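Below is one structure, written out as structure tokens, with a few remarks after it.
The chain is numbered in sequence order, starting from 1. We use all heavy atoms of the structure for the numbers below, so side chains are in, but hydrogens, waters and symmetry mates are not. The structure presented is a predicted model; accordingly, all values stated were derived computationally and were not measured.
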Amino acid sequence: MSATENATEFGTEFAAGLAAESAAGPAAEATAELAAGPAAEATAEFAAAQWTRATGAGVDPHEYRRVTAGLTSVADWGPSFLRTGHGYLERAEDAGSSVSAGEHLLMAARWFHLATLAPYAESHRAAVEADRALGRALTLLEPEARRVSGEGFTGWLRGPADAPGTVVVVPGLDSAKEEFLDLVSALLARGLAVFAMDGPGQGVLAGATTLRPDYEQVVGRVVDALGVARIGLVGLSLGGYFAARTAALEPRVAAVATVSGPFRLDWDELPPPVRDIMARRTGGPDAARAFAHHVDLAALAPRIAAPLLVVDGGRDVIPGVTNGGPLARLAPHGTYLSVPHGDHLLGNAQPDWLPRLSDHITRTLTGARA
């Protein structure tokens, strides 16, 4: 598997699709028939590259194939995924029980979020729809769930009020709280409370805010708002950097895990599509370059006092991204789990890491057996 195919969160997976469509430019209107073949092929490659990310997020693999099989252009991605999400909203309206309605709404939230992964003018609308569907689902399925928002963050606190520990789940460059519902469910099943959040430049907040490297300040405000003395922290993809940085600088982090998190970014080596996403999420190319230069945990890793689990996929190879091995070696209490066949975010290998990560957080945070 090539770097272009496996970099499902940083964005290199659609490099071919962008190249095929942007290279045609205005001439494509005059040569649509000639361009259709390369564009369709690039779109198929894009859909194949997103396969494990989408199925890892919980969408039905057969439905994913049906939806993506009809795409002839990467530009069709967002509208098609929005339509699929709306189909689940209709199912929710016609459902025979609140449980069925809630399950349909959770699936709608997944499809709406996935609609944002390709360049799409209506991405913010899709993120808003994902956020709304998730809120409606939790209102039906978990009436005790609580929306918590503050400066630079929003999300849902789920789980028992008397939970023995609270975990904050941090998304990455173009992910959001709706993407990691399986991880949240695994933590909830172990009796923990879980706050799945969007931070600056993420999810529903991406339309009005930008990514910031000092994410520990945002997590600090989250902990204050939750009213807990200590937390577990799980960061995914770029969120792994945020989580590790926060664990080094925020003393209330008692347990931490990263999944496909970068130890360091090299701006000059990052593929152009990754730079483009980062530029959109940070406010421009100059801001993106400055942001990338901040992503270096060499000095911070030795300051992480909490037990740390670093999860990487052996097939996760993105130019300009250093995986988490050095982080685990430099952290005083770091453990490294590399899954040889895992790709980025390891959506193709959940049984190999999700139970272990959930148990690590539970044992470390509560002192109890998971």
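Defined by atom type and a distance below 3.5 Å, a donor-acceptor pair is present between the side-chain atoms of Ser100 and Ser97. Side-chain polar atoms of Asp352 and His341 form a donor-acceptor pair below 3.5 angstrom. In the model, Asp198 has no side-chain atom that pairs as donor or acceptor with a side-chain atom of Thr154 under 3.5 Å.
Under the 4.5 Å side-chain heavy-atom criterion for Ile, Leu, Val, Met, Phe, Trp and Tyr, Leu233 and Val310 are members of the same hydrophobic cluster. In the hydrophobic clustering of ILVMFWY residues, with side-chain heavy atoms under 4.5 Å counting as a link, Val204 and Val170 come out apart. Cluster annotation: Phe242 and Ile277 are assigned to the same hydrophobic cluster (Ile/Leu/Val/Met/Phe/Trp/Tyr, side-chain heavy-atom contacts under 4.5 Å, transitive). Cluster annotation: Val184 and Ile361 are assigned to the same hydrophobic cluster (Ile/Leu/Val/Met/Phe/Trp/Tyr, side-chain heavy-atom contacts under 4.5 Å, transitive). Hydrophobic clustering of Ile, Leu, Val, Met, Phe, Trp and Tyr side chains at less than 4.5 Å, counting indirect connections, unites Val295 with Trp267.
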*ring-ring contact (aromatic ring centres under 6.0 Å, His included) between Phe81 and His113, worked out*: CA-CA 9 Å; Phe81 278 55; His113 164 64; over 10 Å; no
*Please lay out, stage by stage, how Tyr64 and Trp51 fare under the test ring-ring contact (aromatic ring centres under 6.0 Å, His included).*
CA-CA 8 Å; Tyr64 180 83; Trp51 165 258; 5.7 Å; yes
*Are Thr52 and Leu345 close enough, and set up right, to give a side-chain contact (heavy atoms from CB on, under 4.5 Å), and what steps lead you there?*
CA-CA 8 Å; Thr52 59; Leu345 288 174; over 6 Å; no
*Which is it for Val321 and Phe263 under the side-chain contact (heavy atoms from CB on, under 4.5 Å) test, yes or no, and what are the steps along the way?*
CA-CA 7 Å; Val321 180; Phe263 177 76; over 6 Å; no
*Apply the test salt bridge (Lys or Arg N to Asp or Glu O under 4.0 Å) to residues Asp131 and Arg147: give CA-CA distance (whole Å), side-chain angles for both, the deciding distance (0.1 Å), then the verdict.*
CA-CA 11 Å; Asp131 179 76; Arg147 183 76 180 233; 2.9 Å; yes
*Which is it for Val228 and Ile231 under the side-chain contact (heavy atoms from CB on, under 4.5 Å) test, yes or no, and what are the steps along the way?*
CA-CA 7 Å; Val228 294; Ile231 62 163; 3.6 Å; yes
_If you apply the rule side chain to side chain donor-acceptor pair (under 3.5 Å), what do you find for Asp312 with Ser338, and how did you get there?_
CA-CA 5 Å; Asp312 270 339; Ser338 179; over 6 Å; no
*Under the side-chain contact (heavy atoms from CB on, under 4.5 Å) rule, what do Val194 and Val234 come out as? Steps first, then yes or no, please.*
CA-CA 10 Å; Val194 184; Val234 181; over 6 Å; no
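The shortest heavy-atom contact between Val148 and Ala225 is CG1-CB, 3.9 Å. The minimum heavy-atom distance between Val218 and Phe153, with the atom names listed, is CG1-CB, 3.9 Å. When every heavy atom of Leu249 is checked against every heavy atom of Arg303, the shortest pair comes out as CD2-NH2, 3.5 Å. Closest non-hydrogen pair, Leu157 versus Ala193, comes out as CD1-CB, 4.3 Å. Scanning both residues, Pro200 and Leu205, for their nearest heavy atoms gives N-CD1, 4.5 Å. For the pair Leu330 and Ala301, the tightest heavy-atom approach, listed with the atom from each and the gap, is CB-CB, 3.6 Å.
Of the possible donor and acceptor atoms, none in the side chain of Asn323 sits under 3.5 Å from a partner among the backbone N and O of Gly325. Panel note: side chain Asp76, backbone Ser73; a donor-acceptor pair is recorded below 3.5 Å. When atom types are taken as modelled, the side chain of Ser175 and the backbone of Pro171 share no donor-acceptor pair closer than 3.5 angstrom. Under the 3.5 Å distance criterion, the side-chain polar atoms of Arg230 are matched with a main-chain donor or acceptor of Leu365. Asp343 contributes no side-chain N or O that, together with a main-chain N or O of Gly313, makes up a donor-acceptor pair within less than 3.5 Å. Judged by distance alone, with hydrogens and angles left aside, the side-chain atoms of Trp353 form a donor-acceptor pair with the main-chain N or O of Leu346 at under 3.5 Å. Ser260 contributes no side-chain N or O that, together with a main-chain N or O of Ser237, makes up a donor-acceptor pair within less than 3.5 Å. The backbone N or O of Gly56 sits less than 3.5 Å from a side-chain atom of Gln350, completing a donor-acceptor pair. Listed for the Arg221 side chain is a donor-acceptor partner under 3.5 Å among the backbone atoms of Glu151.
Every residue was checked against the salt bridge (charged side-chain N to carboxylate O under 4.0 Å, His left out) condition with Asp162, not counting sequence neighbours, and none meets it.
Classification of the His104-Tyr88 ring pair by plane angle, with boundaries at 30° and 60°, yields tilted.
A salt bridge links Asp296 to Arg264: at least one charged side-chain nitrogen sits closer than 4.0 Å to a carboxylate oxygen. Using a 4.0 Å cut-off between a side-chain N of Lys or Arg and a carboxylate O of Asp or Glu, Asp359 and Arg190 qualify as a salt bridge. Ionic pairing of Arg275 and Asp268 is not present here: no N-O contact between side-chain nitrogen and carboxylate oxygen is shorter than 4.0 angstrom. A salt bridge links Asp224 with Arg252: the distance from a Lys NZ or Arg NE/NH1/NH2 to an Asp or Glu carboxylate oxygen falls below 4.0 Å. In this structure, Arg136 pairs ionically with Glu93, as a charged nitrogen and a carboxylate oxygen lie closer than 4.0 Å. A salt bridge is defined here as a Lys NZ or Arg NE, NH1 or NH2 lying under 4.0 Å from an Asp or Glu carboxylate O, and Glu250 with Arg245 fails to meet this definition.
Counting only heavy atoms from C-beta outward, the side chains of Ser80 and Leu71 approach each other to under 4.5 Å.
Remark: Leu270 CG to Arg289 CZ distance equals 10.0 Å, nearest 0.5 Å. Once rounded to the nearest 0.5 Å, the distance linking CG of Asp60 with OG1 of Thr84 reads 11.5 Å. Rounding to the nearest 0.5 Å gives a distance of 8.0 Å between CG of Asn348 and OG1 of Thr55.
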Which side-chain N or O atoms in residues 138-146 pair as donor and acceptor under 3.5 Å with protein atoms at least two apart or in another chain?
| unit_1 | atom_1 | unit_2 | atom_2 | d |
| --- | --- | --- | --- | --- |
| Thr139 | OG1 | Gly135 | O | 2.8 |
| Glu142 | OE1 | Arg158 | NE | 3.0 |
| Glu142 | OE2 | Arg158 | NE | 3.3 |
| Glu142 | OE2 | Arg158 | NH2 | 2.5 |

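When ring centroids are compared, Phe112 and His86 come within the 6.0 Å threshold. Checked against the 6.0 Å centroid criterion, the rings of Tyr120 and Trp77 do not qualify as a close aromatic pair.
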